[in-house]
Amino acid sequence: MSNVFALVDCNCFYVSCERVFNPCLRGRPVVVLSNNDGCIVACSHEAKAVGMQRGAPVFKYRDSIRRYNVAVCSSNYPLYADMSRRVMDCLAQFTPDLEIYSIDEAFLLCPPHVPADEYARRIQQTVSRWTGIPVSIGVGPTKTLAKFANETAKKHPVHKGVLDCSTLPDIDAMFAVFPAADVWGIGRQLARMLARYGIHTALQLKNMPDVWVKKTMGSAGLFTVLELRGKPCIALDTLEHVKKAILTSRSFGKPVVCFDALKEALIAYTSSAVQKLRCNKSLASCITVFAADGKYNAANQYKSHFTMALPAPSSYTPDFIRCVSSGTRHIFKDGIRFKRAGVVLTGIVPEDIFQLDMFSTIQETPERRALMRVLDTINYRWGNDAVAFAKTAKPQPWQMRQMYLSARYTTNWDQIPVVSV
């Protein structure tokens, strides 16, 4: 029996997370802002209805925010990450065949001999009841068709958030009005190329000859077209992959002009990146630090970076901090008003499989790992930066602006909701 795929997608995920703990936001236009409260990264359906768009600078909508009583929220990434984990844990109760595709999406396999529509409805109801997050679910014989069904279920309320492709009387009629650019696997650049050939809908793409598709779009494009025809080509990926790089970067709340402030910021970002490294049970052997001013004109912009290699792979934060302290001297320049900076960890390998260096003075030892484990446990228990390096736990002028930040309801003991009876 062939597999049946389901794609579970959280609706307006960032907004939904805010609404779980603040019911007053339900039914009201809500937008979530990017770092430093600059641009809109998420909109509720009500906000879209009054003309607000994702990716636009929030200052353009000052009048609309007042006129329509739009609720504005700063990005609360610790809350969103924890709510994502809860949703994925809920989905894992239904099947071990689960692929976490993004923070708010997951593919899974529907069990045989169970009506897919009924199974999807049960998942939708359980996730809503256990987490408070509304989800839409698309079901199909391929991952691409499941994604198509999910997009269709979200756009048409008649489906109530769940659609099984096999129940459609004429799927080609829906392909005829579904933009080719919205097909899973067709990016912006590929969509422009298809438009030059007069291919604007999913139906037109589906009916193109295989030879032309492979020659023009490559093997990945051919897989997408075959999946539109109902032939599975993209398997469920349930393996945990080691990340090739870990990036932590921020725009500063205020321009940074002194060396010590830039170094403190980079040390804070390094601590965060190395903590992610340990969460992924990995080690890194290379770190790149970078910084730039706020100018967008390439001719006048100042940006610099410096890369350092460690003698051996490590997840011990002080090893990387020593590199950052040295690297900051190479990228800092007097008179520059730095607006953003960050670090990138590369050379990542699993913590239990890596090459030792008999001449290196840096080696992963049980004592070093135990110290980092204690540090992570304290910060997890009492909140990020409860224990930090170089006084980065205190408010600094370079920290992000988050004027509309909600509480970290699920990740900070001091901000747990209190119920009055």
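Reckoned from all heavy atoms, side chains included, excluding hydrogens, waters and symmetry mates. The shown structure was predicted, so the numbers you read here are calculated from the model rather than taken from an experiment.
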Notebook entry, point to check: Hey, mind stepping through Ser136 and Asn11 against side chain to side chain donor-acceptor pair (under 3.5 Å) and telling me if it holds?
Noted result: CA-CA 7 Å; Ser136 296; Asn11 300 337; 2.8 Å; yes
Margin query: According to ring pair (Phe, Tyr, Trp, His ring centres under 6.0 Å), who are the partners of His330, at least two apart in sequence or on a separate chain?
Written below: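 Ring pair (Phe, Tyr, Trp, His ring centres under 6.0 Å) check on His330 returns Phe306.
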Listed pairs under 3.5 Å, donor-acceptor, residues 158-169 side chains, sequence neighbours left out:
residue: Asp164; atom: OD1; partner: Ser166; partner atom: N; Å: 3.1
residue: Asp164; atom: OD1; partner: Ser166; partner atom: OG; Å: 3.0
residue: Asp164; atom: OD2; partner: Ser166; partner atom: OG; Å: 2.8
residue: Thr167; atom: OG1; partner: Asp164; partner atom: O; Å: 2.6

Next item on the list: Just jot down the salt bridge (charged side-chain N to carboxylate O under 4.0 Å, His left out) partners of Arg408, sequence neighbours excluded, or say none.
Entry: none
Check: Taking only residues two or more places apart in sequence or in another chain, which ones pass salt bridge (charged side-chain N to carboxylate O under 4.0 Å, His left out) with Asp170?
Finding: none
Test item: [X] and [Y] side chains (from C-beta on) under 4.5 Å apart, heavy atoms:
X: Val50; Y: Glu46; answer: no
X: Ile40; Y: Tyr61; answer: yes
X: Met308; Y: Val289; answer: yes

Which side-chain N or O atoms in residues 211-221 pair as donor and acceptor under 3.5 Å with protein atoms at least two apart or in another chain?
residue: Thr216; atom: OG1; partner: Trp212; partner atom: O; Å: 2.8

Notebook entry, point to check: Is it true that Arg85 and Asp82 have a side-chain N and a carboxylate O under 4.0 angstrom from each other?
Noted result: yes
Next item on the list: Could you tell me whether Lys303 atom NZ has more than 12 heavy atoms of other residues or ligands within 6.0 Å of it?
Entry: no
Please table the atom pairs, donor to acceptor, closer than 3.5 Å between any side-chain atom in residues 175-185 and protein atoms at least two apart or in another chain.
residue: Trp184; atom: NE1; partner: Tyr101; partner atom: OH; Å: 3.0

Next item on the list: Give the C-alpha distance, both sets of side-chain angles, the deciding distance and a yes or no for side chain to side chain donor-acceptor pair (under 3.5 Å) between Tyr409 and Glu18.
Entry: CA-CA 10 Å; Tyr409 302 103; Glu18 299 288 349; 5.6 Å; no
